[in-house]
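Remember, it's 1-based here, ligands and their atoms both numbered in the order they're listed. All values derive from a computational prediction rather than experimental measurement.
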Amino acid sequence: MTSIHPGNLHGTGDRTNKSRYHYARQRVQEAQKSKMEESDGARREETARKQTNNGLIVILILMIVLTWGIAATAYFGVIDYKGLVVRGSRIKVTDAAGYASALYPFQYDSARHPLKAIGKFLTSIDDYITNFLFSSEVSTNSLKKHRPIVRTIPLNKESNIVKRDTSKSESVVSDDPNPTKKPAEEKDVAKASDPSNDKDKPRKAKSPQPKQPKDSSTKKTKQETVKTNESTKKKKPSTVSEEDKKILNKLKEGERLLEKKKGTEAWKYFKKLSADYPESPKARFYRGKSEAMVAEQQKSNPMLTQAITTFTEVSEMSNCPKELQKQALIAKGERESFLGRMKPALQTQIELAKLYPKDIGILNKLGVRYLMLGKNTAAKKVYAEVLRLSPNDGFALVHMGFILKNAGEWAESVPYLMRGTESNEQGTQEGKFYFHLGDALYRTNQTKEAEQVYEKAAAKGLFRSKYQRSLYNVDRLRGKPFWTPEEAGVKDYVRRLELNWKLIRDEAMAILNTDTGLFDGESESLRDTGEWKQFPLFQRGRKEEANCRRTPKTCNILERMPNAAGCRRGQVKFSVMMPGTHVWPHTGPTNCRLRMHLGLVIPTTGSGTRLTCAGEMRTWQEGKVWIFDDSFEHEVWQQADSLRLILIVDIWHPDITEHEKKTLTAI
Ligand code: LMR
Ligand code: MN
């Protein structure tokens with residue numbers, strides 16, 4: 001191997017003046033040098049190669065990161081998911097309703113990936129709606145003795161004041177955050193309001209939020225009443241330790257920065273103060289608060305994580321007063337939940353419940369935390385305990401009712417939901433509780449009562465009308481059960497679908513004839529009887545690639561219909577219904593879409609197939625499209641002798657703006 005140097009710079013010119021020895025030595029030296037240079041060169045080459053390799057590795061990593069970034073952005077939209085930062089280290093603020101909607105419990109098409117949705121960020125730290133996931137693995141046996149009977153137990157507001165029970169009670173808190181062996185069925189999901197009486201909760205957020213279209217689901221109802229809190233009359237328990245007493249003035253000074261929302265200044269201040277006085281729990285607690293404030297002001301995930309760490313430290317300090325420990329754990333749990341870290345949030349709530357096993361607020365939230373992880377059995381035990389301590393607690397009543405309803409125990413759920421909603425307590429005036437109450441009444445043959453519930457909720461502004469009971473709405477949109485293609489602005493789509501209906505039908509029939517198993521069964525207990533399956537092609541504005549490979553022509557047609565394929569609040573899917581099917585009256589999750597039905601295989605035998613929407617009846621015709629608004633109550637019967645096949649194509653509501661199409665969260 002030759003030296004990388006062009007020649008021996010010392011080997012020429014003055015050689016004659018040197019002794020032989022010198023020469024000899026020089027030769028030896030030269031030889032050594034050249035060898036050295038040779039190996040030096042080799043080393044350098046090696047280094048260069050390594051550098052090139054390193055460079056390649058870096059490029060590769062960058063490419064992976066970049067690809068992930070692009071993929072993640074495409075996949076999750078413009079939002080973060082479970083703390084994964086898609087764009088910089090910013091918390092993305094989007095409408096909570098959208099997130100909750102991803103967990104919508106009543107719609108046939110919903111809840112494909114409910115857990116995915118749970119991790120997404122909500123409106124803001126201090127003003128977010130808690131989403132949670134319900135599954136239906138519950139039995140009511142354990143509850144029988146606590147079951148309220150709606151007519152015999154009059155609602156007694158006073159009894160909301162919890163009498164401290166000093167007798168030993170069986171703890172509802174288990175150390176195991178995964179008490180159910182079976183993974184939660186991703187079956188039925190919903191959102192819940194936050195039951196916390198979190199004293200640490202910052203006041204109304206002034207944080208900058210991107211303008212979102214107004215979703216009526218985010219509205220708070222006027223009927224909400226704040227629960228009487230006995231502790232407000234009592235002397236507040238102290239949050240100050242001996243160590244804190246030594247620096248009270250310093251703590252006060254920093255507190256003022258927090259009050260003035262000077263996040264960064266407060267953070268710097270308390271970072272130093274907690275370093276100077278490491279034994280002061282309060283200084284550390286305020287440090288956590290200031291970190292949380294900075295996190296929110298700067299939309300920074302790493303800072304929020306830091307706040308969680310700090311709150312943990314506070315809660316673990318041996319000299320931390322119990323009340324401060326409570327506040328630190330509450331603050332910690334809120335942030336964990338906000339970041340979609342539901343398991344740690346549950347663990348935190350379990351810790352809190354161990355400290356305060358009879359605190360209704362803490363137990364109610366524990367129930368929500370369990371529910372968010374699909375641990376309904378555990379949640380049910382918690383609510384049973386709350387109702388044992390405080391039999392008329394509205395929050396526990398509606399949640400217990402909700403759990404029972406979603407477990408298919410309709411009759412059992414009614415008194416809970418009824419008494420819970422009638423309590424008007426905070427967290428009970430939610431559309432979904434009325435929705436389920438009405439549904440449970442209807443399904444137990446109490447149709448008149450169901451109607452009254454719907455009317456009442458509509459009057460309260462929880463539904464748009466007694467028939468239009470979608471919960472994720474844009475207020476401005478016109479609403480009526482049936483639409484013409486002209487009115488819906490889709491004359492062209494309808495024409496193309498009707499022109500191509502046979503090839504669309506053939507693609508669907510090919511799957512039905514060979515791989516019926518590829519159709520998904522209805523999993524949201526909308527069915528009363530029979531069999532009803534679907535094969536999705538587009539969901540939430542995204543193509544179902546694998547399915548579209550089996551129906552390329554249909555997907556090709558649809559891809560040229562951006563208001564359908566790109567409808568992030570809808571789906572495109574084949575829907576097959578077998579004879580003997582009855583679908584309970586139900587409503588879709590949102591008023592932002594209209595639903596086209598293209599008849600593909602429509603039997604004319606038997607007593608036929610039909611759909612009723614808001615009391616108006618329609619039947620299908622092969623090769624023909626009609627359009628309805630599925631946010632209105634609809635009910636389906638299939639009483640023919642053979643299967644019925646249609647293509648369902650959701651389109652953006654014609655009143656939805658281009659901006660809304662881009663910014664409304666997917667459902
Ligand atoms: C619905 O949209 O709920 C039903 O009409 C679907 C179907 O297959 O009939
Ligand atoms: Mn429907």
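- Not a single heavy atom of D630 sits less than 4.0 Å from an atom of ligand 1.
- Atoms of ligand 1 found under 4.0 Å from any heavy atom of H634, numbered from 1 in the order shown, are 1 (C), 2 (O), 3 (O).
- At least one heavy atom of I648 lies less than 4.0 angstrom from ligand 1.
- The closest approach between a heavy atom of H597 and any atom of ligand 1 is below 4.0 Å.
- Below 30°, between 30° and 60°, or above 60°: for H653 and W483 the angle between ring planes is above 60°, a perpendicular geometry.
- Annotation for ligand 1: atoms under 4.0 Å from non-hydrogen atoms of H586 are 3 (O).
- Ring centroids of Y434 and Y454 are separated by 6.0 Å or more, keeping the two rings apart.
- Any N or O atom pair closer than 3.5 Å counts here, and W620 shares no such pair with ligand 1.
- Aromatic ring pairs are classed by plane angle as parallel below 30°, tilted from 30° to 60° and perpendicular above 60°; the pair W626 and H597 is tilted.
- Atoms of ligand 1 lying under 4.0 Å from any heavy atom of S575, numbered from 1 in the order shown and given with element: 7 (C), 8 (O).
- In this structure, H399 and Y383 have parallel ring planes: the angle between them is below the 30° cut-off, well short of the 60° mark.
- Residue R610 does not touch ligand 1, judged by heavy-atom distances below 4.0 Å.
- With a 4.0 Å heavy-atom cut-off, ligand 1 is reached by the side chain of L611 but not by its N, CA, C or O.
- The aromatic rings of F519 and F574 sit tilted, their planes meeting at an angle between 30° and 60°.
- Ion pairing between a basic and an acidic side chain is recognised when a charged N comes within 4.0 Å of a carboxylate O; K466 and E633 show no such pairing.
- Side-chain contact between R595 and I648 is present, with at least one heavy-atom pair separated by less than 4.5 Å.
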